[in-house]
Every structure is written in structure tokens, then in C-alpha cells.
Amino acid sequence: MEKGWEKTDRRKTDEKKRNGKKLIHGADYYPEQWLDRPEILEEDIRMMKLAHINTVTLGVFAWAALEPREGNWSFGWLDEVMDRLYANGISVILATPSGARPAWLAKAYPEVLRVAEDRQKNLYGMRMNHCYTSPRYRELTRRIDEKLAGRYGRHPALKAWHISNEYHGECHCDLCQETFREFLKRKYGSLENLNQAWWTGFWSKTFMEWEQVESPSSRGERAIQGLALDWKRFVTAQTKEFMDMEIRAVRSYAPDIPVTTNMIGSFIEVDYPRLAPSLDIASIDLYPEWGKESPWKVAMKAGFEYDVIRSLKKKPFLLMETTPSMTNWTEVGKPKSPGLHRAGCLQAVAHGADSVQYFQWRKSRGAFEKFHGAVVGHSGHEHTRVFRETAQLGDILERLGEVAGTEHQSGTAILYDWSNRWALNGSVGPRQNKYYEETVREHYTALRSLGMNVDVIEEGENLEGYRLIAAPMLYLIKEGVPGKLEAFVEKGGILVLTCLSGIVDENDLCFQGGFPGPLRELAGIWVEELDTLYPEEQGRIVSMPENSLGLQGIWGSRDYGEVIHLETARAEAVHGTSWYQGMPVLTSHQSGAGCVWYLGTRASEDFLDCFYEKLFSSMEMMSERHRRLPKEVELSVRRDESFSYYFYINWGEENCRLEIPEQAELLGAETPEEAFMKGNSDVELFDAEILYCQGEGKRLLLGPFGTAVIRVARF
Ligand code: GAL
Ligand code: ZN
């Protein structure tokens, strides 16, 4: 309700704003598409101000406009754009242009073109398709990056470097093959070690000379799963080397400007935790497929992606790209329905983003993305629903400026590791679809439904500070991880493991001596056999009459059924079907001050909801706020030393009431309604109506896509 804003006293907010805190509202801006229409720049600046755009990203694919012929530079247009933006109070995130190369470059230096896994060289074609190993491509990229950094590194509009664009892909050229072998020599030292690690004694795969080792392809060498895993690690290493080269190039002229690169959330090709240490800020590009499933389901998927990227640096991140309306590359290109843009983008902020930025500001007239959503459409003016909703969000982001820089701390984490994903995907068996990604998101959704902030971390991460870690299908276990998990549990942590855990080491070699391998003692069980189920087969989880959580009932389960023997653990629930009926399916094992739970199947969502609720209650992590969270309302909390910011978003179809945090009353307002009337700015509401129910405490009413941001002082 807009009028809410007018009533609200902004004193405290303004104080904070004066401290210069501001959320970025921005867009990818490609003026190089419109160089023959000089009036467009002024028109764009006028409309950017209307839309409360305070930052634009320039130059993402501008190589051909900056260097139309080799060594022939053309910076005049960019000088003008940077100066005009600055004069109008709009900041710039400047990209290095290596994401797409000009035609002259591909013609003159064909070695920069990527070679596909079938060893066919790509044509000039698309973008992001160059060999990251190529010294020529590195050299030409470094040269243009340094030119840009030298020219604009001290420009007052410049706020950050956006390094390249969505690094990804692999190249199988001869040089990459050679470099891969060097990588392997460094890793293994000898061919004997490599042959052992890759178990090449099977199918006559033993390598006698280094030259015999080649990158995998779907036609052949994927037969050796250890090789396929190392290849992926190599590809990430090459990507990082290329990125680091670009970072050095811009830093040599502009050492104080932060660098970021836009990552694609949980995108499986690049092991992002390897890139993160080189970056000052993590950024995400995200295009949730609203409309494909219920808003709640899409929101949970999106939330997971934000949490993956935030957890890379455990600091606020940037939402570098999203669409203001539709996406053109999805199966169905659906504009966001009214109100969804605001809710979806505030969700990113709730999860720790300090920005909402779009691809792109002005819709292209032609080429690949002419139908992709943009703030300014083909109509060319601001009188559109998309523009209005974007501007409205820009206004809200301005009002929420004080949230910038606040942390999204989590006491709960999910272990989610790229090597584990690669190994599971690449493994032939125990079934074709492992349902790994689905399972992880089901656990995530159960945790988020309870209003818990969740970090999504890799195996190598420091586990300090977490109280509960869920590690669904921890199939591949890296060295040092069992010890870390033991220490975590010993000190009081709760660890949740599931079926398909502790199966292989980093090289995809199965652990000997019984599963879950190095976690066997910690879990206190031995998994003798693994049954996998057809889609029409149902598993059952039956709670034990006396169990430590007070679980009571029978729940469904799918896809996996493990035959578990208790060693030091106790059975909390048993299988209700199949020949292993009556054997443990859920076990717990106290170890030190903590406990390990093991769930030997893929449990239904109902079960997970119930299990985690009981678990958190037993850990005294469930407050009234969590208990009363209505279904399909998402709660996320950001905080700094003075305030907590509670973000509530209603993804359901019904109006719902919610309990506002108890501590809010400590601010002196008896009810949110009164707080509002008194002009207290501690309650910030978007599309929320306040209801005061005598005797029932403080309540808010949120409609579908309604969002409330509530500030509560911390003591
Ligand atoms: C991103 C890409 C942008 C644009 C966008 C469209 O992946 O970085 O350049 O193509 O997708 O959704
Ligand atoms: Zn190559």
C-alpha cells in the first residue's frame, strides 16, 4: 500500500542513508547498439532517472566497438557515455569485453576458436567460445583490458570491474591437450600414480606414455570416470587462470576498484568456489522460470541459487542480471505478472544481494535477444507496466538503502560440492538419474520453510558457526572432510546424512571396508546394500514407537532403499516395505556433544518438513517466529550490529497473517498499526495491510506477492 510510505517517518532511515548506504538498481546498458542515434543516450538517461536506476554496466560485449580493427582504438563514444552518466549521478560497472570477440580477431587468429569434444573447431559463431589457454587470446584480451583500465580506471563514475561474462565452456585443441597433460603431471607425478587413481587396469585403459592421455569425449574416454573428473578440474583451472590474467590487467591501473564476474548460480560447468578467492564481490545472473511451477517452488529454486553465490564469499553479493519481464531463451517466454517483479527482486535482497540489475536496459531491435525483456521495450517510452513496476521497485530499493552491506548469517548449511555433482553425474549406476539436485533442493526447501537462513557450501568450507549441516548424498568425500565433520559433531553440531553417502574418494575410487566409507564410524552404521526403486515403487518410513524426536507416523519415500546395520547408532524409523522391511531407515548417533542423523532413502517432502521441524525444536532453534510462519511465506533475515531486517514474502495464493518478530515491541510501539500511525519507521511494508487483533499480538496481513521488511533493533 503506497500510502503506508507517506505515513512513515523516515528519520532513522534517512540518518542511515546519510551514511551513504545504498542498494544498486541497475542494468546492462549497450549504447554501442545505438551509436547512429545520438539522441538515444539523452533519452535513456532521462528514463533511467525516472526508473531510479543508479548504476549501469557498460561494455560487456563491446570489443568490436572499442577496437574495430586490430590496434585501431575507438574510445570516443565510451568517453561520452561515461561522462554523461556521471554528470547525471549514475555510476558505472565497466566490463572487460572478452565475452565476445570481433570477427577480425577470429579471422586473423583462428587458434583462438574453441575445439569441441569431437575435435571439430568451432566457427566464429556465438560468444563465450574461445580457448582460454590460447596465448594469443590471452594477449589480445590483456591488451584491451589494460587500455580500458588505463583510460577509465580513475573515472569518477567507475564503481567496479565486471570481468568478462559468464565464463564457461571447454576447449579440446592441441594446446589444451598438452596443458591438460602438464596439469596431470603436476597432480600425479607419475603415470603409475595416474593409472592407479583412474583404475585403468579395467578395459585395457592403462597409459604407458603421457602422450596417450587425451581429454574425454562422449564417444570414448568418458569410460574413465577419474579422467572425466580431472578434466573438469582442469577446465575450471584454465578458466581461473584466464580470469586472473584479466583481473591483473585491470588492477595494474586501478588497484582500488573492486572486481566481480557474473556467475550463473549453481551452474555445473565451473567450480565457482575455485574462482571466488580471486574476486572482491560475488555476482549472480538469475532468470527464474516464473510460471513454470508454483511461485513458491520457483522462489525456493531461486533462493537456493542466491544462497550458493552468497556463500562463496559469505558477504553481500550482486544480482548482476535478471529480467524485468520475460526471458527469450526459455521454453515459454512469460512476462512477470503484476507484483512478481518486486517480490522476486526483493527476494534476492532478502538473501543478501546489495543490488538488483537487469539484462538489459533497452531492448535490442534485432539479433539474438530482440525478444528478451528489457526495462525500455520496443515502444521506446516509459508508459508501460514493466517500466512502472521497475521504477516502483527502484523507489523501494532507495528506501531500503540502509540494508546494503548487512549480512545474511546462517546457522544452517547444506553441503553441495561441484566434485560431488560431477562424480555423481558421471557415474554409471547405481541408477541413471541420481536425483541429486532434486534431493538437495528438497532438503533446502524444508529448512527454508521453517524460516531458517541457509548457506550452501562446498566440502572444503570452514564449518565453524553452523549448528546444523545437511549433506544429502555426500557421495564423493574429499580428503580431510571426515575429520572436519567429526570435529563439527564433537563440538555439538548436528549432521544430517542420507543414502548414497561415503561411496568414493576424490578420484572416484570406491571406499573399501563398507559404506558409508570414512563416515561409517561417525554415522555408527554399515550400509550393506543399496536398492534403487522404479518410479512406481513406493518406499515407506515408519517411525519407531520410542524415538528421540517424537516422530509419529508413516511417510512415503522414493528411489532408494538402503539396507542398514546398526553399529553404534540407534534406529529412529524403519523401512515399511520390501524385503528389508523393519530394518533401520533413519538412525541417529550421538557423538561428543553432537549427533549424526542418517536417512537411508529419498524421503518425501512431508517427511523432511516434519523431521527438520522436530530436529530444530530439539535443538531449541525454533522460535515462535519460525513456528508460526504461514505456509509458502518465505522469511529471510539480514542484520548488522544494530538492526535485524526481517524480509517476509508471501508466495502463496491466499492472504496470510504473520507474526512479527517479538523483539519489535521493544522499540516502544505497542502494535505495528500503532507504530505506523505514530510515524515510527520500524515497520516497512509493501503491499501489506496491518491488522491488529486484540489479544492475539501483532499481526500483518500479506496478499499474494506481498512483501514486508521489518526492522528490529538488536540488543
Ligand atoms: C545471460 C547473459 C546476458 C544475456 C542474458 C539473457 O546469461 O550474460 O548477456 O544473454 O543471459 O537472459
Ligand atoms: Zn584450447
Side-chain angles (χ1 to χ4, degrees), residues 26-30 32-33 56-63 93 95-101 106 109-122 126-138 141 162-183 214-215 217 231 234-235 237-239 241-242 260-267 269-270 283-290 305 309 318-331 333-336 357-364 367-375:
D28 278 0
Y29 185 39
Y30 301 94
E32 63 272 26
Q33 296 177 71
V56 296
T57 304
L58 293 175
V60 183
F61 301 111
W63 198 331
I93 296 177
T96 64
S98 61
R101 83 189 85 75
Y109 307 106
E111 73 266 32
V112 308
L113 299 173
R114 212 169 259 183
V115 171
E117 66 170 34
D118 63 1
R119 311 323 191 222
Q120 294 293 309
K121 197 185 242 327
N122 284 356
M126 296 284 284
R127 56 179 176 168
M128 280 95 81
N129 59 353
H130 16 265
C131 170
Y132 291 134
T133 311
S134 159
R136 182 73 68 181
Y137 199 62
R138 289 186 181 193
T141 299
H162 174 300
I163 306 294
S164 200
N165 191 68
E166 294 185 346
Y167 284 116
H168 68 274
E170 55 188 45
C171 173
H172 300 254
C173 75
D174 290 345
L175 183 63
C176 284
Q177 302 288 354
E178 194 47 51
T179 317
F180 178 44
R181 287 189 281 268
E182 294 306 318
F183 171 91
E214 271 195 37
S215 66
S217 82
W231 171 253
F234 166 76
V235 170
Q238 291 312 94
T239 308
E241 233 181 68
F242 189 92
T260 187
T261 191
N262 49 347
M263 296 175 273
I264 321 171
S266 63
F267 182 69
E269 282 184 26
V270 187
S283 298
I284 184 171
D285 293 351
L286 196 69
Y287 296 87
E289 293 190 65
W290 299 109
E305 302 296 307
I309 295 299
L318 298 179
L319 172 56
M320 187 58 82
E321 289 181 19
T322 191
T323 178
S325 63
M326 64 170 273
T327 309
N328 70 331
W329 45 263
T330 42
E331 189 189 346
K334 229 182 195 356
K336 293 181 193 169
Q357 295 156 269
Y358 310 115
F359 175 85
Q360 60 174 324
W361 165 256
R362 181 184 276 272
K363 216 174 247 205
S364 309
F368 205 78
E369 296 185 317
K370 63 180 180 296
F371 289 126
H372 197 285
V375 182

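Counting starts at 1 for both ligands and their atoms, following the listed order. In this chain, numbering begins with 1 at the start of the sequence shown.
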With the Zn ion (ligand 2) as the apex, the SG/SG angle for Cys173 and Cys131 - to 10° = 110°
Work out the angle at the Zn ion (ligand 2) between SG of Cys176 and SG of Cys171, rounded to 10°.
-> 110°
Search all heavy atoms of Trp231 against all heavy atoms of Cys171 and return the closest pair with its distance.
-> CH2-O, 3.3 Å
Short N or O separations between ligand 1 and the protein, below 3.5 Å:
from	atom 1	to	atom 2	distance (Å)
ligand 1	7 (O)	Glu166	OE1	2.6
ligand 1	7 (O)	Glu166	OE2	2.6
ligand 1	8 (O)	Asn165	OD1	3.4
ligand 1	8 (O)	Asn165	ND2	3.0
ligand 1	8 (O)	Glu166	OE1	3.4
ligand 1	8 (O)	Glu166	OE2	3.2
ligand 1	8 (O)	Glu321	OE1	3.2
ligand 1	8 (O)	Glu321	OE2	2.9
ligand 1	9 (O)	Arg127	NH1	2.8
ligand 1	10 (O)	Arg127	NH1	3.3
ligand 1	10 (O)	Arg127	NH2	2.8
ligand 1	10 (O)	Glu369	OE1	3.1
ligand 1	10 (O)	Glu369	OE2	2.4
ligand 1	12 (O)	Trp329	NE1	2.7
ligand 1	12 (O)	His372	NE2	2.7

One should read off an interatomic distance between Arg101 CZ and Trp63 CH2, to the nearest 0.5 angstrom, of 9.0 Å
Measure from the side-chain N and O atoms of Tyr137 to the backbone N and O of Ser98, and report whether any donor-acceptor pair falls under 3.5 Å.
-> yes
Ion pair Lys121/Glu111, N-O distance below 4.0 Å | no
Is a donor on one side and an acceptor on the other found under 3.5 Å between the side chain of His168 and the backbone of Glu166?
-> yes
Are a donor atom and an acceptor atom from the side chains of Ser364 and Gln33 found within less than 3.5 Å of each other?
-> yes
Centroid separation Trp329 to Tyr287 less than 6.0 Å | yes
